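Read the structure below first, then the notes.
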Amino acid sequence: MKKYLSLVLTLLCTALACGSGRAQAAEDYFIVGTLRDYMGRGQYIDPEKFQIDYYSDYEKALAKYVVGLIDGRYGPGSTTMDTMRGICNLYSQKAYGAVDKVYYAINPTAIRPQAKKPKVMAGGDTIWYRENLRIIPAGSTEFNEILSDKRDTIPAYKLNANSFTTDDQMMAYMHGVFLRHGGIVNDTLYYIKAYNSSTGRIFETLAGKQGFRNVAREDFRGIPGSTTVAFSPSSEFLEFISRTASLKEELDSAYRQELKRLGEKYYTMFVEGFPASIIELAKKAKNDNIK
């Protein structure tokens with residue numbers, strides 16, 4: 001009987017540990033989804049200070065929410081913040097590694113001879129690789145040895161649609177993206193819009209994998225460039241985003257106030273006129289009779 005109880009307790013503890021591990025992993029993907037990712041994570045993030053991200057003044061509620069997640073997981077005081085010229089910078093030495101591991105998809109396995117070498121271009125998608133969370137500059141001797149298969153580790157790849165292996169990871173990431181970059185046109189039509197980032201293309205691919213309808217993407221090549229994705233979400237995704245509905249309303253309200261502060265033409269363009277363009281974009285998917 002004692003052996004039986006011991007086995008039951010062991011199995012129960014293992015199940016709880018696995019559940020906790022999955023929840024924490026999903027949380028990491030959610031945080032990565034909330035990242036601004038403007039010009040790629042390496043452009044405006046200071047790794048030496050363990051910077052997680054930076055937020056505009058109207059995004060302070062999101063910054064506080066992310067702080068709550070990190071402090072709740074690693075303990076109070078696990079984050080620090082500073083504000084300069086209306087930009088809030090968030091740092092966390094304890095959470096930085098977990099976020100970077102998702103974003104750079106670090107793979108500790110050995111390079112296989114048939115593995116395709118990553119393309120390296122100045123100013124392209126792949127400029128840095130990270131090995132054990134240590135930056136290896138592109139073009140350095142160490143970096144070139146990795147590319148020439150002289151090392152027994154595989155370099156890290158920048159976040160892309162193949163970085164996700166489970167539905168939980170995809171949903172958590174997409175939830176984070178929608179929270180920061182998304183909006184609602186009507187009961188059935190939603191969208192996300194990201195600037196100078198691969199976020200939009202990743203979201204489009206994952207939306208297709210998750211069975212969203214009316215998925216359509218539009219790229220604008222300008223300064224700044226942008227990617228807009230229209231979609232009709234699944235019921236599961238609606239359940240995910242319902243968890244942060246009040247926060248989303250707070251962020252949207254702050255954004256609208258910021259546009260009004262900038263001028264009536266910006267409010268008209270991005271709030272009043274934007275839904276019509278999303279409807280036209282969704283029609284390109286030709287899934288449903290969008291009106």
Side-chain angles (χ1 to χ4, degrees), residues 17-54 62-63 65-75 78-80 89-112 115-118 120 125-138 140 142-143 146-147 151-177 179-180 194 197-199 201-203 205-206:
C18 290
S20 175
R22 284 195 298 270
Q24 290 179 350
E27 189 175 277
D28 293 336
Y29 280 86
F30 170 80
I31 292 176
V32 169
T34 69
L35 297 180
R36 184 184 292 266
D37 198 36
Y38 188 87
M39 298 292 289
R41 181 163 170 74
Q43 188 71 15
Y44 295 105
I45 298 300
D46 189 346
E48 293 185 359
K49 294 183 178 180
F50 304 101
Q51 186 172 0
I52 300 298
D53 204 8
Y54 60 103
L62 175 61
Y65 186 79
V66 175
V67 166
L69 292 177
I70 294 174
D71 284 354
R73 178 170 170 182
Y74 297 100
S78 296
T79 57
T80 57
N89 299 295
L90 171 61
Y91 311 91
S92 176
Q93 184 172 357
K94 291 183 178 180
Y96 180 83
V99 171
D100 244 20
K101 188 173 182 179
V102 171
Y103 189 90
Y104 289 97
I106 293 173
N107 188 338
T109 61
I111 290 178
R112 297 184 177 90
K116 183 179 179 181
K117 291 187 178 67
V120 183
D125 286 339
T126 310
I127 299 178
W128 304 89
Y129 285 122
R130 302 190 175 201
E131 183 184 22
N132 298 326
L133 303 184
R134 180 170 56 84
I135 293 176
I136 303 173
S140 67
E142 190 172 13
F143 183 84
I146 290 176
L147 291 185
R151 298 284 295 276
D152 61 355
T153 55
I154 194 167
Y157 290 81
K158 182 183 174 182
L159 186 75
N160 58 69
N162 295 322
S163 302
F164 306 87
T165 57
T166 69
D167 290 337
D168 285 347
Q169 292 172 357
M170 295 182 198
M171 282 293 183
Y173 171 79
M174 296 171 76
H175 179 190
V177 171
L179 181 61
R180 187 167 193 173
S197 167
S198 59
T199 299
R201 289 177 176 269
I202 294 173
F203 190 97
T205 300
L206 299 184

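Everything numeric in this text was worked out from a predicted model, so none of it was measured.
- Taking CE of M171 as the start and NE2 of H175 as the end, the distance is 11.0 Å to the nearest 0.5 Å.
- Here the rule is side-chain contact (heavy atoms from CB on, under 4.5 Å) with V99, and of V66, I45, I31 only I31 fits it.
- Looking only at side-chain heavy atoms (C-beta outward), Y54 and Y38 come within less than 4.5 Å of each other.
- The distance between the ring centers of F30 and Y173 does not fall below 6.0 angstrom.
- Between the S78 side chain and the G75 main chain, a donor and an acceptor come within less than 3.5 Å of each other.
- One distance of note links CG of D71 with OG1 of T79; it measures 3.5 Å at 0.5 Å rounding.
- For the pair K101 and D28, the minimum side-chain heavy-atom distance is 4.5 Å or more.
- In this structure, S92 and T80 have side chains that are not in contact, with every pair of non-hydrogen atoms separated by 4.5 Å or more.
- Residue A172 comes nearest to A26 through the heavy atom pair CB-O, 3.2 Å, listed as atom of the first residue, atom of the second, then distance.
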Please walk me through it: do T34 and Y65 pass side-chain contact (heavy atoms from CB on, under 4.5 Å)?
-> CA-CA 11 Å; T34 69; Y65 186 79; over 6 Å; no
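- Atom CZ of R73 is separated from atom CG of L69 by 9.5 Å, given to the nearest 0.5 angstrom.
- When atom types are taken as modelled, the side chain of Q169 and the backbone of T165 share a donor-acceptor pair closer than 3.5 angstrom.
- Between the OH atom of Y29 and the OG atom of S163 there is a distance of 7.0 Å, given to the nearest 0.5 Å.
- Remark: aromatic rings of F50 and Y96 are close, center separation under 6.0 Å.
- For the atom pair CZ of R180 and CG of L35, the computed distance is 7.5 Å after rounding to the nearest 0.5 Å.
- Of the possible polar contacts, one joining the D53 side chain to the R36 backbone as a donor-acceptor pair under 3.5 Å is found.
- Residue N89 comes nearest to Q51 through the heavy atom pair OD1-NE2, 3.1 Å, listed as atom of the first residue, atom of the second, then distance.
- Put simply, CD1 on I52 and NZ on K94 are 13.0 Å apart, with the number rounded to the nearest 0.5 Å.
- Within the 4.5 Å cutoff, no side-chain heavy atoms of V177 are placed close to those of I202.
- When only modelled atom types and interatomic distance are considered, D46 and Y91 share no side-chain donor-acceptor pair under 3.5 Å.
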